[in-house]
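Residue numbers start at 1 and run along the sequence shown.
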Amino acid sequence: QATDHSECSLKFSLFEPFFAHTMVDVEEEEVVEEVEGEATGEKKKKKKNKKKKTGGGENGAEAGEATNGKTVEEDDEEAKKKKAKNGEAVADGEEDDDGEEGEEGEGEAAAGGKKKKKKKKKGGGGGGAGGNVKLFKIPAQDNSCFVLLGDWKEREDSRQNETFSIPVAEQYPGQDFPMGELQEYIGDNAFRTTSAEKREMERLMSYEYEKVRKAAECHRQVRRYVQSYMRPGLTMTDIVQRLEKKTHELVQASGLDCGWGFPTGCSLNWVAAHWTPNYGDKTVLTKDDVCKLDFGVQVGGRIVDCAFTVAFDPKYESIVKSTQDGTNTGIKTAGVDARLGEIGEAIEEVISSYEYTDAAGKTTAIKPIRNLNGHSMNPYQIHGGKTVPIVKSHDQTKMEEGEFYAIETFASNGKGWVVEDLECSHYMKVFDAPHTPLRVKSAKTLLNAIDENFGTLAFCRRWLDDIGQTRHILALKSLVDNDLVQPYPPLCEQRGSYVSQMEHTILIKSTCKEVVSRGDDY
């Protein structure tokens, strides 16, 4: 057995130089192959050239030698020189592009096992201004024709052009959409601002927050667009269809993944909410009208619900101002553990402090509309279960971190109460509707179309016409009668009165509140 062992050792020692020579040849081929690949513009990963470790330093040194008396390090230097000749800059100590370790065999043999430092791959943020995003200079937009709507500021570095034709996702390829207005918590919740635990909880929600920020940025840009053309003399159908078309363009509508959040409300004067023109309606916007423009954008089911009042006559200033201040008061009062009844009390106090004086000099008190509220929102569910009153109540329900809310207020110089009236245009499938067998074939067809195009999001009759369901009246009535679809008729105040509205979407985050829909206009 000893003799056999000696013979094996002798045979291995005879072939050992050949093995070392062969290993180095392979390594040389790998280096050359990499250089050739880079010269042709191909991006290849640099292979690890690890040497086989042997027990003795002498064998390790032999393994580190190449033919023609060159070491692997010298080969690397030659490779770098070739890279430089091909127009590639090579920095001192350059490592693999993907952060892999460099050659370690020779270092281990000659320098006691030291390894080269890893170098992380540098990558620029896709959405950064220094990336491939084109920037535009956008002039300021004058909104002085509207009552109490702020001007849009001039932008030297706008990612949107003057024709509003670039989709929001292309403006922010890194998905780093702008944050809204941040408001810190105060009092017992002040610790949240600097709490590491709360920051981590907020980070876990970042995916959902980016969805709603994308929707909010789209909403802001559509608002600026609609305020550039909305003037007396246009039909309400023309106004809302241009708005809805632009929303689809900027959000790059794709079925239920992203698109409209709900139909565009453009209720006039004593009509407070839930009115949009059906096809055939000839209503024209006039200088004396008070229009509540309420539209939504959704991304991944996260809805931005935001509204403002369009008025051209300065006599309506107090009515418009009352809801602006009321909504901002509601936002200021909202937060983690805020009681909904107390938010309503604060809003009522602000709105009730205003008065309206008509053209004849008669002064009336401005009142919050008691049976209209703000609300929480869930994915694909515009009314999430909690309501935010705009008058004092005994509701002790608390807001909780991670919730999404639409804080909206309505004020009028009428009775402060609304009732359902006029022709219905808004509908929505019941969120938790059970399976119900339908006998009418047209109702089944319509329900399938609603499921496919709107799901549990609100829709209007115009949109049914647009998807080819032009003869839908009887089928829609059948769905309503079977409690599968809920109608939302216009909500109307006393005739002859005027109603204003203002609304923002806010996030009750772990560390602060974020008013995602805030813009230069309001």
Side-chain angles (χ1 to χ4, degrees), residues 147-150 181-190 267 270 272-273 290 292 294 305-309 311 314-358 362-376 386-400 403 405-419 491 493-494 497-508 512-515 517-518 522:
V147 174
L148 295 178
L149 278 185
E181 178 190 63
L182 302 181
Q183 295 187 9
E184 292 185 355
Y185 293 127
I186 57 175
D188 292 341
N189 282 319
S267 307
W270 49 276
V290 176
K292 282 70 67 181
D294 187 357
D305 186 359
C306 187
F308 60 99
T309 299
K315 69 182 180 182
Y316 301 122
E317 184 172 321
S318 60
I319 290 182
V320 176
K321 181 68 172 171
S322 66
T323 46
Q324 285 189 354
D325 286 354
T327 297
N328 286 328
T329 298
I331 293 170
K332 183 179 178 181
T333 312
V336 178
D337 294 334
R339 298 185 187 275
L340 301 180
E342 294 174 359
I343 296 174
E345 182 179 6
I347 291 172
E348 180 180 19
E349 183 178 352
V350 170
I351 291 178
S352 300
S353 66
Y354 286 88
E355 294 179 332
Y356 171 72
T357 303
D358 62 18
K362 182 181 178 181
T363 300
T364 54
I366 294 176
K367 310 177 187 71
I369 298 180
R370 299 190 300 280
N371 58 336
L372 291 178
N373 309 282
H375 48 89
S376 63
K386 292 183 179 180
T387 60
V388 184
I390 60 175
V391 294
K392 182 180 179 180
S393 77
H394 299 292
D395 188 351
Q396 297 298 303
T397 305
K398 293 181 179 181
M399 288 182 165
E400 299 174 54
E403 292 182 325
Y405 280 91
I407 304 296
E408 62 181 321
T409 61
F410 295 84
S412 83
N413 63 332
K415 294 180 177 179
W417 189 265
V418 292
V419 295
L491 301 173
E493 242 278 21
Q494 180 182 16
S497 64
Y498 296 99
V499 177
S500 68
Q501 176 193 14
M502 182 176 169
E503 179 178 23
H504 273 303
T505 293
I506 68 170
L507 311 182
I508 307 299
C512 64
K513 295 173 285 188
E514 182 177 345
V515 189
S517 51
R518 184 74 79 189
Y522 65 93

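- Here the CG atom belonging to Leu491 is positioned 9.0 Å from the CD1 atom belonging to Ile369, to the nearest 0.5 angstrom.
- Residue pairs satisfying the ring pair (Phe, Tyr, Trp, His ring centres under 6.0 Å) criterion with at least one member in residues 319-355, sequence neighbours excluded, are absent.
- Applying the ring pair (Phe, Tyr, Trp, His ring centres under 6.0 Å) test to every pair with at least one member in residues 323-346, sequence neighbours left out, gives no pairs at all.
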Passes side-chain contact (heavy atoms from CB on, under 4.5 Å), Thr363 versus Glu355? Steps please. CA-CA 7 Å; Thr363 300; Glu355 294 179 332; 3.6 Å; yes
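- The side chain to side chain donor-acceptor pair (under 3.5 Å) test applied to Glu493 returns Ser412, not counting sequence neighbours.
- In this structure, Met502 and Phe308 have side chains that are not in contact, with every pair of non-hydrogen atoms separated by 4.5 Å or more.
- With sequence neighbours excluded, no residue forms a side chain to side chain donor-acceptor pair (under 3.5 Å) with Tyr356.
- Counting heavy atoms from C-beta outward, Trp417 and Gln494 have side chains that stay 4.5 Å or more apart.
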If you look only at distance, which donor and acceptor atoms sit under 3.5 Å apart when one is on a side chain in residues 388-398 and the other is two or more places apart or in another chain?
| unit_1 | atom_1 | unit_2 | atom_2 | d |
| --- | --- | --- | --- | --- |
| Ser393 | OG | Asp395 | N | 3.3 |
| Asp395 | OD1 | Thr397 | N | 2.9 |
| Asp395 | OD1 | Thr397 | OG1 | 2.7 |
| Gln396 | OE1 | Arg339 | NH1 | 3.3 |

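- Taking OG of Ser318 as the start and CD1 of Ile366 as the end, the distance is 4.0 Å to the nearest 0.5 Å.
- In this structure a side-chain-to-backbone donor-acceptor pair under 3.5 Å is present from Lys513 to Ile331.
- Using a 4.5 Å heavy-atom cutoff, the side chains of Asp337 and Met399 are not in contact.
- Taking CG from Asp294 and OG1 from Thr309, the interatomic distance works out to 9.5 Å, rounded to the nearest 0.5 Å.
- Scanning for side chain to side chain donor-acceptor pair (under 3.5 Å) contacts around Asn413 gives an empty result, with sequence neighbours left out.
- The two residues Ala411 and Ile351 come nearest to each other via the heavy atoms CB-CG2, 3.7 Å.
- Rounded to the nearest 0.5 angstrom, Thr505 OG1 and Ile407 CD1 are separated by 9.0 Å.
- Glu184 meets the side chain to side chain contact (heavy atoms under 4.5 Å, CB included) test with Thr193; sequence neighbours excluded.
- No side-chain heavy atom of Ser322 sits under 4.5 Å from any side-chain heavy atom of Val350.
- Using modelled atom types, one finds a donor on one side chain and an acceptor on the other under 3.5 Å when comparing Ser500 with Thr323.
- Partners of Gln183 under the side chain to side chain donor-acceptor pair (under 3.5 Å) rule, at least two apart in sequence or in another chain, are Glu181.
- Across Tyr522 and Ala307, no two heavy atoms sit closer than the pair OH-O, 3.4 Å.
- Within the structure, ring pair (Phe, Tyr, Trp, His ring centres under 6.0 Å) contacts touching residues 314-342 (residues at least two apart or in different chains) are Tyr316-Tyr498.
- The structure places CZ of Phe410 at 11.5 Å from CD1 of Ile347, a figure rounded to the nearest 0.5 Å.
- The residue from Val418, Val499, Thr387, Thr409 that alone fulfils the side-chain contact (heavy atoms from CB on, under 4.5 Å) condition with Leu372 is Val418.
- Ionic pairing of Lys386 and Glu403 is present here: one or more N-O contacts between side-chain nitrogen and carboxylate oxygen are shorter than 4.0 angstrom.
- Listed here is the closest heavy atom pair of Cys306 and His504: SG-ND1, 3.8 Å.
- Side-chain contact check for Glu408 versus Gln501: some heavy-atom pair is nearer than 4.5 Å.
- Here the straight-line distance linking atom CD of Glu348 with atom OG1 of Thr329 works out to 12.5 Å at 0.5 Å rounding.
- With sequence neighbours excluded, the residues satisfying side chain to side chain contact (heavy atoms under 4.5 Å, CB included) with Ala406 are Asp305, His375, Met377, Glu503.
- Residues that satisfy the side chain to side chain contact (heavy atoms under 4.5 Å, CB included) test with Val336, not counting sequence neighbours, are Tyr185, Asn189, Arg192, Glu401, Ile508.
- Listed by first and then second residue, the salt bridge (Lys or Arg N to Asp or Glu O under 4.0 Å) pairs that reach into residues 322-336 are Lys321-Asp325, sequence neighbours excluded.
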